[in-house]
Amino acid sequence: MSKLTLDGFFSYCKQIAEHIQLGERMASLSGQSTPKLTSAVGNLYYDSILPYREDANAQTREFLARVVDVLLDYVQQVNDRNEKILEFKMPEEMQKALDLHLPEEPLPLKQLLEDCKITLKNQVKTGHPHFFNQLSCGLDIISLAGEWLTAAANTNMFTYEIAPVFILMENVVLEKMRSMIGWKSGDSILAPGGSVSNLYAFLAARHHKFPQYKEKGLSSIPGQLVMFTSDQCHYSVKSCASVCGLGTDYCVCVPSDERGRMLPTELERLVRYHKDRGNVPFFVNATSGTTVLGAFDPLVEIADICQKYDMWMHVDAAWGGGLLFSKKYRHPRLTGIERANSVTWNPHKLMGTLLQCSTVHFRHEGILLSCNAMSAEYLFMTDKIYDPRFDTGDKVIQCGRHNDIFKLWLQWRGKGTSGFERLMDRLMELSEYMVRRIREQPDKFHLILEPEMVNVSFWYLPRQLRGLPHNRDKEIKLGKVCAKLKGRMMQTGTLMVGYQPDDRRPNFFRNIISSAAVTERDVDFLLSEMDRLGHDIVVD
Ligand code: ABU
């Protein structure tokens with residue numbers, strides 16, 4: 001421990017007493033009494049365990065073992081259908097219930113253990129079988145084990161020198177993913193999320209067409225670049241236009257059909273429109289699995305147009321990419337993906353890999369290095385004793401890169417490719433089950449469209465709105481029901497389903513089944529719980 005003056009020591013004792021009281025209060029709020037540290041270890045401070053004390057292996061192990069117990073308790077609760085998903089508190093109330101302040105002086109290990117418990121106690125259990133709120137749901141146990149190992153290994157992914165095993169794993173996994181897309185060679189990288197993966201695709205496309213841009217910048221571009229994407233795309237595509245100097249006006253939104261799929265005739269019309277004005281159409285983003293409706297753009301038709309007008313074709317399959325595993329569902333949704341120049345695919349979504357794990361793939365070998373390398377001499381020396389191509393860090397615009405591969409590699413080993421295929425088929429079949437159950441209860445639920453994926457879009461009808469003709473006025477009211485019912489879900493803590501408006505309709509529910517924990521029983525629970533919580537909602 002650091003040295004203290006006498007006054008400092010008394011003030012420090014007072015602080016500790018307060019913290020211990022607060023800790024006990026927080027522990028009682030958490031309703032958990034275990035796991036506990038022995039007092040011999042609980043009263044120690046950070047500098048009495050490794051790495052400060054070489055002779056403190058036993059104490060270090062006891063502390064970490066109790067932390068692991070907390071994590072294991074949490075995993076058990078996440079999978080317990082009798083547990084709530086969340087104990088919702090308004091931000092002000094949450095502030096009061098927690099001790100978030102950063103102390104001047106160290107806190108003992110027993111307080112840190114309590115901090116771990118109370119943190120998880122107040123966390124939304126995104127792996128709970130009744131959490132249907134985001135594209136990333138579930139808690140894959142093998143992937144979790146991988147993430148724990150990753151944290152312990154605590155390395156950076158820029159060079160083979162410091163991450164030899166993980167770099168080789170990346171090569172193996174990314175090559176396999178490229179082969180599933182339909183490419184024999186190419187280039188790939190893991191990026192921090194689908195949005196950044198899309199940005200990498202954009203940068204590669206511009207580099208491919210205007211290789212001088214890297215050195216000469218804007219002066220090497222002969223006119224106004226234009227990119228195209230459907231009006232249902234993820235907002236990160238538009239963000240590329242802003243970040244990369246096109247301006248969002250030149251990210252052209254192509255209209256989609258009633259199921260959210262890009263209209264190729266409209267794409268071609270808009271490309272011609274811009275060409276006729278002397279602009280430079282060069283990039284088309286097709287989405288395989290849109291965020292809200294789960295729609296798949298027609299890749300073959302889009303590929304034909306890209307070929308005709310010499311444009312780069314990117315497929316944002318961040319969401320739908322997992323279906324590449326499924327012989328049953330891959331076609332026609334992803335037919336033609338092999339004709340793309342680049343593909344974003346996030347294992348942390350449909351495949352259930354722990355957050356985050358996002359990949360981007362290119363048909364062009366060596367394009368990432370050619371586009372992004374800055375050859376920093378302090379990291380990427382060319383006279384190393386091994387082949388410097390294993391130093392993948394120079395392929396990206398970041399420097400440090402988190403290890404997102406081990407949890408995916410381990411999960412893939414655990415499931416096998418066939419296990420992922422079974423998971424994809426199961427998630428799709430459960431979504432089909434949900435659609436059937438909704439159709440069987442037309443008085444209470446209104447299905448908005450036949451889904452192509454695990455996004456099920458629907459309205460819930462409280463008693464007030466049942467039996468009335470379906471018109472715009474009713475849709476507005478149904479939209480208001482969504483916000484009220486979601487509020488009740490949060491307050492009760494038994495269910496979480498997302499809602500949003502789109503440009504065709506007011507708020508509607510978007511249910512996602514991407515968790516391996518979900519069963520038919522949970523789908524039935526979801527619908528009956530919505531009715532239990534919402535039947536008496538009244539809106540004007
Ligand atoms: N990046 C899209 C994630 C959105 C969602 O989970 O709903």
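First listed ligand is number 1; within each ligand, the first listed atom is number 1. All of these numbers come straight from a predicted model, not from anything done at the bench.
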Under 4.5 Å between any side-chain heavy atoms of Cys482 and Trp459, yes or no? yes
Thr287 versus His234, side-chain donor and acceptor atoms under 3.5 Å: no
Classify the contact between Lys349 and ligand 1 as side chain, backbone, both or neither, using a heavy-atom distance cut-off of under 4.0 Å. side chain
Please tell me whether Asn346 and Ser358 have a donor and an acceptor in their side chains that are separated by less than 3.5 angstrom. yes
Distance from atom 3 (C) of ligand 1 to nearest protein heavy atom, with residue and atom: Leu135 CD1, 3.9 Å
When you compare ligand 1 with Arg510, is there at least one nitrogen or oxygen pair between them that comes in under 3.5 angstrom? yes
Ligand 1 atoms in contact with Gln134 (distance to a heavy atom under 4.0 Å): 5 (C), 6 (O), 7 (O)
For a 4.5 angstrom cut-off between non-hydrogen side-chain atoms, does Leu267 reach Glu301? no
Non-neighbouring partners of Lys477 that pass side chain to side chain contact (heavy atoms under 4.5 Å, CB included), sequence neighbours left out: Leu465, Asp473, Val539
Closest protein heavy atom to atom 2 (C) of ligand 1, given as residue, atom name and distance to 0.1 Å: His234 NE2, 3.6 Å
